[in-house]
S.K.: 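Encoded as structure tokens, here's the structure I'll be asking about.
What you see is a predicted model; the values in this text were computed from it and never measured. Throughout, residue positions are numbered sequentially from 1 according to the sequence presented.
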Amino acid sequence: MNTIKINNIVVLTGAGISAESGLETFRKRNGETFWPVGDDVFPLEDVATAEAFARDPELVQTFYDQRRAKLGTVAPNATHRALARLDAEWPGDLLIVTQNVDDLHERAGAKRLLHMHGELKSAWCLGCDARSRWEGNLIDGPACPACGAEGQLRPDIVWFGEMPYEMERIEEALRKADLFVSIGTSGAVYPAAGFVQTARYMGARTLEMNLEPSQGSVFFHESRIGRAGDLVPVWVDEMLKP
Ligand code: APR
């Protein structure tokens with residue numbers, strides 16, 4: 001991997017990297033979605049769309065409140081730590097684009113990081129459009145820290161049918177990338193699933209590390225199959241070795 005000159009790296013991460021910390025992934029092997037709220041499981045249309053929020057805000061807020069609360073019970077794992085080390089020590093450009101809405105990358109110390117699908121620990125006011133750091137629940141309709149309006153905060157999560165954040169910055173990084181690395185993502189959800197094709201078309205080397213071949217596996221020059229916590233520290237060592 002290090003035999004070609006690599007300066008610019010884009011790393012895409014997904015739910016698989018947080019699985020070893022105890023956070024559930026979204027899809028099972030057959031692609032079936034898995035969205036638990038309390039003791040029930042719901043199809044994604046019921047919890048992760050703006051239409052669902054309009055129809056049943058309590059269900060949607062409960063789903064995200066539970067996931068936000070769970071963050072306090074989990075910790076970054078070997079993958080988050082290895083990527084934070086890469087961030088600290090890689091002399092060239094690096095952008096870690098995560099689809100994950102947890103805060104485990106930043107708790108491990110990653111800085112060159114972008115949350116393309118939003119963050120559990122952010123609330124978005126539908127009244128004044130401000131985004132505020134948020135630790136607690138939203139179910140009770142708390143006041144917006146910016147404008148004071150009550151009951152206007154929604155999870156700052158990019159739902160299905162909404163535009164992911166910072167796409168221009170991501171596209172630019174993909175165009176400049178010498179190496180694109182995808183870790184712990186099924187490759188089922190666009191536009192992230194298409195990043196490998198953009199990067200490869202623009203000349204990047206492409207590598208995936210996943211428990212199973214992702215849906216876009218054919219587009220990668222190299223697939224390393226296994227647990228991210230085993231594979232990623234080894235890859236980071238390879239990248240940083242003098
Ligand atoms: N190491 C590496 N890969 C793993 C591990 C592990 N320990 N555990 C699971 N995986 C893999 C699974 O095999 C699967 O291919 O991680 C992938 C997780 O896929 P998804 O659950 O589909 O998660 P992700 O790709 O991040 O989902 C993308 O879809 O639901 C939306 O917005 C949500 O950001 C999410 C997006």
Side-chain angles (χ1 to χ4, degrees), residues 1-2 6 9-36 41 44 66-67 70-90 94-117 119-120 177 179-190 192-196 199-200 204-241:
M1 183 60 62
N2 237 347
I6 292 169
I9 306 176
V10 176
V11 176
L12 173 70
T13 65
I17 76 154
S18 294
E20 290 164 49
S21 290
L23 298 177
E24 298 274 7
T25 59
F26 296 104
R27 286 169 192 79
K28 296 183 185 296
R29 255 170 203 280
N30 58 8
E32 172 197 332
T33 52
F34 179 74
W35 302 77
V41 177
L44 69 89
Q66 286 177 354
R67 297 183 64 204
K70 175 102 180 172
L71 295 184
T73 71
V74 300
N77 62 50
T79 301
H80 300 103
R81 288 193 294 274
L83 291 175
R85 178 174 167 237
L86 182 71
D87 183 6
E89 298 181 23
W90 181 251
L94 169 72
L95 182 61
I96 302 170
V97 179
T98 188
Q99 298 169 89
N100 297 344
V101 295
D102 64 56
D103 61 350
L104 297 179
H105 274 303
E106 46 271 55
R107 276 161 61 190
K111 301 271 189 295
R112 292 183 273 181
L113 171 72
L114 178 161
H115 281 275
M116 66 176 290
H117 288 169
E119 295 172 66
L120 284 167
L179 174 63
F180 172 77
V181 184
S182 172
I183 312 170
T185 175
S186 60
V189 177
Y190 282 82
F195 291 173
V196 58
R200 186 166 177 165
R205 178 102 191 143
T206 55
L207 164 68
E208 77 170 339
M209 288 177 269
N210 209 46
L211 207 50
E212 58 193 336
S214 67
Q215 289 187 22
S217 196
V218 65
F219 297 114
F220 290 89
H221 291 104
E222 186 184 355
S223 292
R224 298 185 185 182
I225 300 304
R227 286 160 53 94
D230 297 330
L231 297 174
V232 178
V234 171
W235 170 70
V236 169
D237 279 346
E238 284 170 24
M239 294 306 299
L240 293 177
K241 82 171 177 257

S.K.: Of all the heavy-atom pairs spanning A204 and A177, show the shortest one and how long it is.
M.R.: CB-O, 3.3 Å

S.K.: Who passes salt bridge (Lys or Arg N to Asp or Glu O under 4.0 Å) against E119, sequence neighbours left out?
M.R.: R133

S.K.: Applying salt bridge (Lys or Arg N to Asp or Glu O under 4.0 Å), name anything that partners E106, two or more places apart in sequence or on another chain.
M.R.: none

S.K.: Between A192 and Q99, which heavy-atom pair has the shortest distance, and what is it?
M.R.: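 Nearest pair, atom of A192 first, then Q99: CB-OE1, 3.5 Å.
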
S.K.: Just wondering, do M209 and T79 contact through their side chains at under 4.5 Å, heavy atoms?
M.R.: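 No, too far: nothing below the 4.5 Å cut-off.
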
S.K.: Taking all heavy atoms of S21 and all of A75, pick out the closest pair and write down the distance.
M.R.: OG-O, 2.7 Å

S.K.: Are any non-hydrogen side-chain atoms of V10 and F195 less than 4.5 angstrom apart?
M.R.: no

S.K.: After noting the C-alpha distance and the side-chain angles of L83 and I183, does the key distance pass the side chain to side chain contact (heavy atoms under 4.5 Å, CB included) rule?
M.R.: CA-CA 11 Å; L83 291 175; I183 312 170; 4.2 Å; yes

S.K.: Where the side chain of T185 meets the backbone of T13, is there a donor-acceptor pair that is under 3.5 Å apart?
M.R.: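 No; judged by distance alone, with no hydrogens or angles, the pair does not exist.
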
S.K.: Not counting sequence neighbours, which residues clear salt bridge (Lys or Arg N to Asp or Glu O under 4.0 Å) with R85? List them please.
M.R.: E89, D237

S.K.: Just so I know, are the side chains of L23 and L71 near enough to count as touching, which here means a heavy-atom distance under 4.5 Å?
M.R.: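 Side-chain contact under 4.5 Å: yes.
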
S.K.: State, to 0.1 Å, how close L179 and W235 come at their nearest heavy-atom pair, and which atoms those are.
M.R.: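 Scanning both residues, the minimum pair turns out to be CD2-CZ2, 3.8 Å.
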
S.K.: Can you name the closest pair of heavy atoms from A228 and E20 and give their distance?
M.R.: N-OE2, 3.3 Å

S.K.: Look at the side chain of R224 and the backbone N and O of L207, then say whether any donor-acceptor pair between them is shorter than 3.5 Å.
M.R.: no

S.K.: I'd like to know if the side chain of T73 and the backbone of K70 have a donor-acceptor N/O pair within less than 3.5 Å.
M.R.: yes

S.K.: So L240 and L86, side chain to side chain contact (heavy atoms under 4.5 Å, CB included) or not? Walk me through it.
M.R.: CA-CA 7 Å; L240 293 177; L86 182 71; 4.1 Å; yes

S.K.: Grab the two heavy atoms, one from Q215 and one from G187, that are nearest each other, plus how far apart they are.
M.R.: CB-O, 3.6 Å

S.K.: Using side-chain heavy atoms (C-beta onward) and a distance below 4.5 Å, is V11 in contact with L94?
M.R.: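 Answer yes - side chains close enough.
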
S.K.: Using distance alone, with no hydrogens and no angle criterion, decide if T98 and H115 have a side-chain donor and acceptor under 3.5 Å apart.
M.R.: no

S.K.: Please check this pair: side chain of N210 against backbone of S186, looking for a donor-acceptor N/O pair closer than 3.5 Å.
M.R.: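 Absent.
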
S.K.: At what distance, to the nearest 0.5 angstrom, does CG of L12 lie from CG of N100?
M.R.: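 So the CG of L12 and the CG of N100 are separated by 9.0 Å.
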
S.K.: Measure up the H80 and H105 rings against each other and bin them: parallel (under 30°), tilted (30 to 60°), perpendicular (over 60°).
M.R.: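 Rings of H80 and H105: perpendicular, as their planes differ by over 60°.
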
S.K.: I'd like to check L114 versus L95 (side-chain heavy atoms, cut-off strictly below 4.5 Å). Are they in contact?
M.R.: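 Yes, at least one pair of side-chain atoms sits under 4.5 Å.
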
S.K.: Would you call I6 and R205 a side-chain contact if the rule is heavy atoms closer than 4.5 Å?
M.R.: no

S.K.: Please determine if D87 and K111 form a salt bridge, counting it only when a charged side-chain N lies under 4.0 Å from a carboxylate O.
M.R.: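 No salt bridge links D87 with K111.
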
S.K.: Quick one: does T206's side chain have a donor or acceptor within less than 3.5 Å of a partner on H221's backbone?
M.R.: yes

S.K.: With rounding to the nearest 0.5 angstrom, report the CG to CG distance, L231 to L211.
M.R.: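 With rounding to 0.5 Å, CG (L231) is 9.0 Å from CG (L211).
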
